[in-house]
Each structure stands twice: as C-alpha cells, then as structure tokens.
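Side chains are part of it too, since the values below use all heavy atoms of this structure and drop only hydrogens, waters and symmetry mates. The model shown is predicted, which means the values in this text are computed figures rather than measured ones. Here is how names work: the chains are called A, B, and so on, in the same order as the sequence lines, proteins then strands, and each is numbered from 1.
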Protein chains: 2
Amino acid sequence: METIGQILRNKRQTLGLFLRQVSAYVDIDQAILSKIERNERKPTKEMLGKLSEILKLNKDELLVQFISDKIAYEIAGEDCAEKVLKVAEKKIKYLKSHPIQN
Amino acid sequence: METIGQILRNKRQTLGLFLRQVSAYVDIDQAILSKIERNERKPTKEMLGKLSEILKLNKDELLVQFISDKIAYEIAGEDCAEKVLKVAEKKIKYLKSHPIQN
DNA sequence: TTATTACTTGACAGTAAGTGTCAAATTTAA
DNA sequence: TTAAATTTGACACTTACTGTCAAGTAATAA
C-alpha cells in the first residue's frame, strides 16, 4: 500500500531525476518536494498536475490516491470508519443526483 | 438526506427544547449551537457526545453522520469521488490490519 | 404599539494550522 | 575527504477556525 509520497519518490528515482530538477519544473522549493515525498506536507492540485506531467504518472489516478490518502488518514482511527464510507457514498450519490442549492 | 445540523435541529424541536437549554447543557454559546444546526460550524466530538445525551440520539450513529458529512462535502465536487471512496476503503483496511508505525 | 422570547448575524480578538523561504545540518556517493 | 543530494528546523506570513459578545431579525403576546 503506497502513499502519495512513496509513489512520487519511487517514480522520480526510477526516472533518475533529482529533487532539484522536479521541484524546478513544478516551481516549488525543493525542501517542499522533499517533505511531500515523505508525506510531511500535502501537495496542492496544481502541484499534482505538474508532478504527473514530469513524472509521467496518470493525473487522475494520482488525484485519487491523493484524496483517498487524505480521507484514510482522517478516519482510519475511527471504529466506524467503514460505515462512515458507506454513508458518505450515499450522501455523495444524493448530492450528485440533485441540483446544487447555492 | 439529512445533514447533521438538520438532525440536531429536528430532534431538538421534537423534544420541545430551546437553543438556550441545549447549549447550556453542552456548555457552549447558543450562537455556536445555532450555527451548528445550520451547518455553519462543525461540532467537536465532545459536543456531539453531549448533544447525543440531551437529544437522546445514538452517539455512534451521530458520529457516523458527522464524519460522513464532512467527507461527502469534501469530495462531492470531484469526478472521481466514488473511486476515491473505494481506494480509501482499501487503505483503511490495510491500515487497520497492520501495526501502527509511530 | 410595546415588550418579550427565540433565534440569527457579524465583528472581534485569540489560537491553531498551513504556507514558502532560507540556511544549516545530515546523508549519500564518488 | 570532497561534493552533491537530501533533510531539517527556524522564521515570518497567511489562512482558517475558535469562543464571546452585542446587536440584529422575526414572531407572538399584552
């Protein structure tokens, strides 16, 4: 089970790129990228887009990993985590099938 | 599909209680409770516990509603929301079946 | 009308969490 | 040892969230 950070780091190393190079492309400090790869900071969607480009990763898949990471981290400690997800799924289906109110 | 706020407000009114009374029991400003019921602020877990007591609601069920609300709100706008949940579920199962690292 | 009650709203200050930047420290490789 | 790659922590800045409070609306009764 890979975290976002691990995915990014593995792919970067596979491609033989340095933090310096990738961070320059993404236009962020390399300290930030280092922290992202170690899951100490979370990338923005913009960063993910750029990262998927230079690392040749599927952008949508990366986004899924990113958000699911966040959610899993958020609720992994709850006893009722599975039930939470089921209810959340229903709510999302409901929200999508109904017009937005604001 | 009820939000947390709606659940709390409906039950409070069914029981014939005023914001003043409930907020006193929960030990929060009634302005905060008003905002919670209108989903303008989010209750803490402590508040939820107290609220479930005075409103005679199932504490765990309320917690599920609360967290699922938060998640649904967080990702309802994503195209890949359903996939996110599936992946999150896998990650949670993985996290629960493996010892914590820190 | 006035008064009272229930609730809502917005401003406020304080706190907590997140941001990017930078330099120093550490690790790794040659 | 040297140099390159990476990590770490301090810093100032911003953003988001907190509870408190006073003034606001709306509805009802006197």
* Find the distance L33(B):CG to dT20(D):C1' and express it as a whole number of Å. => 15 Å
* Asked: Under 4.0 Å: is that the gap between some side-chain N or O of S34(A) and OP1 or OP2 of dT6(D)?
  -> no
* To do: For dC7(C), take OP1 and OP2 only and decide whether either is under 4.0 Å from a side-chain N or O of R38(B).
  => no
* Asked: How about Q65(B) and K91(A): does a side-chain donor come under 3.5 Å of a side-chain acceptor?
  -> yes
* Asked: Is the side chain of K59(B) donor-acceptor paired with the backbone N or O of G49(B) at a distance under 3.5 Å, no angle test?
  -> no
* To do: Check the surroundings of atom OH in Y73(A): do more than 12 heavy atoms from other residues, nucleotides or ligands lie under 6.0 Å from it?
  => no
* Is there a donor and acceptor pair closer than 3.5 Å between the side chain of K35(A) and the base of dG20(C)? -> no
* Asked: If you find the nucleotide of DNA chain C closest to E40(B) and the one closest to A31(A), which residue's nucleotide is nearer the 5' end?
  -> E40(B)
* Structure fact -> Whole-Å distance, L19(B) CG to dA6(C) C1', equals 7 Å
* Asked: Quick one: L17(B) CG to dT5(C) P, roughly how many Å, whole number?
  -> 18 Å
* Separation of atom CG in D29(A) from atom P in dT6(D), rounded to whole Å -> 13 Å
* Cation-pi check, K42(B) to F66(B): give yes when NZ or CZ is under 6.0 Å from the six-membered ring centre and within 45° of the ring axis, no otherwise. => no
* Rounding to a whole Å, what distance do you find between Q30(B):CD and dT20(D):P? -> 13 Å
* To do: Examine dT8(C): is either OP1 or OP2 under 4.0 Å from a nitrogen or oxygen in the side chain of R9(B)? Give yes or no.
  => yes
* Counting only side-chain N and O atoms of R20(A), is one of them less than 4.0 Å from OP1 or OP2 of dT7(D)? -> no
* **Separation of atom CD1 in I36(B) from atom P in dT9(C), rounded to whole Å** => 15 Å
* To do: Check every strand shown and say whether R41(B) touches a base, only sugar-phosphate, or nothing at a heavy-atom separation below 4.0 Å.
  => base
